[in-house]
Amino acid sequence: MTSIFTKIIKGEIPCYKIAETEDFLAFLDINPNAKGHTLCIPKKEVDKLFDLDEETYNGLMSFSRQVALGLEKAVSCNRIGVSVIGLEVPHAHVHLIPLQSMEDVRFIKKEKMPPEEFQELAEAIRSHLEI
Ligand code: AMP
């Protein structure tokens, strides 16, 4: 079955895009732990991160690092945290989460934002990227 992230890649579902290359895509998490919470995914649909072939895995990590460096400049935070969960969407993805405290990595405290704020945040992050 096609994952919701593959539908985003194909443009069938909208997203707040942060960066895109031939093989990877980054977009804002729709239910963020913190402002700027971003997901980095391979366009190749594979459920579990460690089942990715080595080239795609390494490429995803390198892409995530580039996104994180821009994200850290765009959003006020202590540092960018990284999580890999995958219990909700069976399409490998890296969570990049701007952290102020441990609360921000618990996936319990959620940030509510209107669409305009998602849009503005995505633009601000994009302006700090070199991808
Ligand atoms: P997990 O699979 O447990 O790592 O969680 C999947 C993440 O994807 C959650 O943080 C969701 O808020 C996020 N998510 C699910 N659907 C969308 C979507 N259409 N756009 C952006 N983020 C999404």
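We're numbering straight along the sequence, starting at 1. Counting convention: from 1, in listed order, for ligands and their atoms alike.
In the vicinity of Leu28, heavy-atom distances shorter than 4.0 Å reach the ligand 1 atoms 21 (C). Atoms of ligand 1 found under 4.0 Å from any heavy atom of Asp29 (numbered from 1 in listed order, with element): 7 (C), 8 (O), 9 (C), 10 (O), 11 (C), 12 (O), 13 (C), 22 (N). Every atom of ligand 1 with a heavy atom of Ile8 under 4.0 Å away is listed here by number and element: 18 (C), 19 (N), 20 (N). With ligand atoms numbered from 1 in the order given, ligand 1 contributes 21 (C) to contacts under 4.0 Å with heavy atoms of Phe27. Within the listing of ligand 1, atoms 8 (O), 13 (C), 22 (N) sit less than 4.0 angstrom from a heavy atom of Leu39. Close approach of ligand 1 to Asn31 is summarised as follows: ligand atoms under 4.0 Å from at least one heavy atom of the residue are 12 (O).
Heavy atoms of Cys15 come nearer than 4.0 angstrom to ligand 1 in no pair at all.
In this structure, the protein non-hydrogen atom closest to atom 6 (C) of ligand 1 is His93 NE2, 3.6 Å. At the shortest separation from atom 17 (C) of ligand 1 among protein heavy atoms lies Ile30 CG2, 3.8 Å. Residue, atom and distance of the protein heavy atom nearest to atom 5 (O) of ligand 1 are Glu88 CB, 3.6 Å.
Taking every heavy atom of both residues into account, Leu96 and Ser64 meet most closely at CD1-O, 3.6 Å. When every heavy atom of Leu121 is checked against every heavy atom of Gly36, the shortest pair comes out as CD2-N, 3.4 Å.
The pair Glu22-Lys43 does not count as a salt bridge, with every side-chain nitrogen at least 4.0 angstrom from each carboxylate oxygen. Checked for salt-bridge contact, Lys109 and Asp104 meet the test: a charged N lies under 4.0 Å from a carboxylate O.
Between Val89 and ligand 1, at least one N/O pair is under 3.5 Å apart. By the 3.5 Å distance cut-off applied to N or O atoms, Phe5 is not counted among the residues near ligand 1.
Evaluated for a side chain to side chain donor-acceptor pair (under 3.5 Å) with Asn33, the options Lys110, Glu103, Arg106 yield exactly one hit, Lys110.
Classification of the Phe107-His95 ring pair by plane angle, with boundaries at 30° and 60°, yields perpendicular.
For Phe107, no heavy-atom contact with ligand 1 is shorter than 4.0 Å.
Separation of atoms CD1 (Ile41) and CG (Asp23) is listed at 11.5 Å; rounding is to 0.5 Å.
Hydrophobic clustering (ILVMFWY, side-chain heavy atoms < 4.5 Å, transitive): Ile8 and Val94 are in distinct clusters. One hydrophobic cluster, built from ILVMFWY side chains closer than 4.5 Å, cannot hold both Leu52 and Leu39; they sit in different ones.
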